[in-house]
Amino acid sequence: MQQSKVKVWDIAVRVFHWSLTLLILGAFLTSEEDGTVPTHAVLGLVIFGLLALRTLWGFFGTRHARFSDFVKSPREVLAYARAFVKGRPPAHLGHNPLGAVMVIALLGLLAVISVTGAVVWLGPEWEGPLWLSKDAAHAVKEVHEGAAEALPWLLVFHVGGVLLSSLLERQNLVRGMFTGFKRAPVVLLGVMLGAAAQAATPPALLEEYAAEARAQSPTFQRPDAARGKRLFLTEQAPRGERVSCASCHTADPRGMGRTPAGKIVEPLAPAANPRRFTDRKQADKWFDRNCKQVVGRLCTPEEKGDVLSFLLSL
Amino acid sequence: MRPLLLLPLVLLAAGARADDDEHDGEHHRRAPSRSPQLPLYEAECGACHLAFPPGLLPARSWQKLLANLDDHFGQNAELDLPARQQLERWLRENAAEAGTQRKSEKILRSIRGTTPLRISTLPYLLSKHDELPAEVFKRPSVSSRANCAACHPDALQGDFEEDRARIPR
């Protein structure tokens, strides 16, 4: 498969990631002895500063650093989680939706830890300037310690998720966080560079889907028109109402279809409508939308290839 | 004597009709104003149904529709953020409040402070269509009250002129 390296993580994201890793390690090592607590406090303060910068970068940073690039609705996270469990997660250049949940959880937990830590440090136990009752100070300390104990667990899942994703995507994601580059299938690259408007042909698109399916699952053979036909005609009811692709595109996708709102849908089969599957972005948008509607989740590259090969067989 | 008695009645009726259609009345003489167009809007919001003229709903309705595209009348119509923001701005600028449609003002008055999500069931349109039997909207060629273009051929341009309305079989 043709592959290209794509710059995904900018320098700020990478420096943040690895300095945070070291700072957290340091904070753990300095948390036990009274003598090291001043160092612990300084590390905590730096962590807090980094969190603030990262949050700002999440709004104004480069594309994959932004929250809007990776934070997804609970429904999408669930759909991704299901595909992940099946071992066929759809490709994501930045954080995948589950990884995004981890990012937010880690940022949130670290914020709680550093803020409560600062309160403890400035409170009566360390004779700081902050006036707090003994009980309140104690409660804050409990939160600080409880959250700090939860952190290693989250980190275990974080590292586990990265390793598992590396396996499924067959690329070293840890190295990606050092170099900033991830391997992207050419097609993803194309979409990323806005080359989606580039003229494509339905058979070329079929090849792209097949290549992606192969990248995700080494056992994948080739798109299968019969499987695609089954997916196209099978009625499912993810939202209560029974629908199939044929509900709008009709059982013969060479003919005109109709949406629930009554509008005519031009034929889907390329033989009857040469404009179909000539723009990857357009095809993917509708695959995403309509698969969610009918199957209740995104279609995998394998399934898209199957459907397209069914449509090309007509 | 009789014809003389009838005259004021006729005048009264004509007056009432002119009053009722004060805006639509001049419509017959002037070319209908074109509803504002935006290619992005037609591409994204015109795939499943008519790209409804923005002047048929107030800005707050468009705002609410765009905020809930993941569950849009049971359909997924999600957009990426830049597209949604661009549409949000354009719909706000061309909503009923902007008076882009002759009917806008009447629609606003008829819904008072509410935030309707449907155009087809606006009180104003229900009353415009109250002479049509409910059955016609269920015909396969129409299939939905929201399928304005089935009966109003120039609906995309915001032209709902009753003379040009045709009910398909």
request  = Would you check if the side chain of Gln293(A) reaches a backbone N or O of Gly74(B) as a donor-acceptor pair within less than 3.5 Å?
outcome  =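 It does hold such a pair.
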Applying a strict 4.5 Å limit to non-hydrogen atoms, the region of Arg239(A) in contact with chain B is side chain
Under 4.5 Å to a heavy atom of chain B? For Glu241(A) that would be neither
To check you understand the geometry: which heavy-atom pair defines the closest contact between [X] and [Y], and what is its length?
X         : Y         : result
Ala261(A) : Cys48(B)  : CB-O, 3.5 Å
Ser143(B) : Gly262(A) : OG-CA, 3.1 Å
Asn76(B)  : Arg289(A) : O-CG, 2.9 Å
Arg75(A)  : Asp71(B)  : NH2-CB, 4.4 Å

From the list Ala149(B), Ser141(B), Ala150(B), the residue making the most non-hydrogen contacts under 4.5 Å with chain A is Ser141(B)
Report task. Would you please go through residues 242-259 of chain A and name the residues with a non-hydrogen atom below 4.5 Å from one of chain B, in numerical order? Result ->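 Within residues 242-259 of chain A, near chain B: Arg258(A), Thr259(A).
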*So does Glu78(B) pair up with Lys72(A), basic N to acidic O under 4.0 Å?*
no
Taking the basic N atoms (NZ, or NE/NH1/NH2) and the acidic carboxylate oxygens, is any pair closer than 4.0 Å for Lys292(A) and Asp70(B)?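 So Lys292(A) does not pair with Asp70(B) through a salt bridge.
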Review point. Checking Ala47(B) against chain A: side chain, backbone, both or neither under 4.5 Å from a heavy atom?
Key: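 The answer is both parts of Ala47(B).
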Does Lys263(A) have more than 12 heavy atoms from other residues, nucleotides or ligands lying within 6.0 Å of its NZ? yes
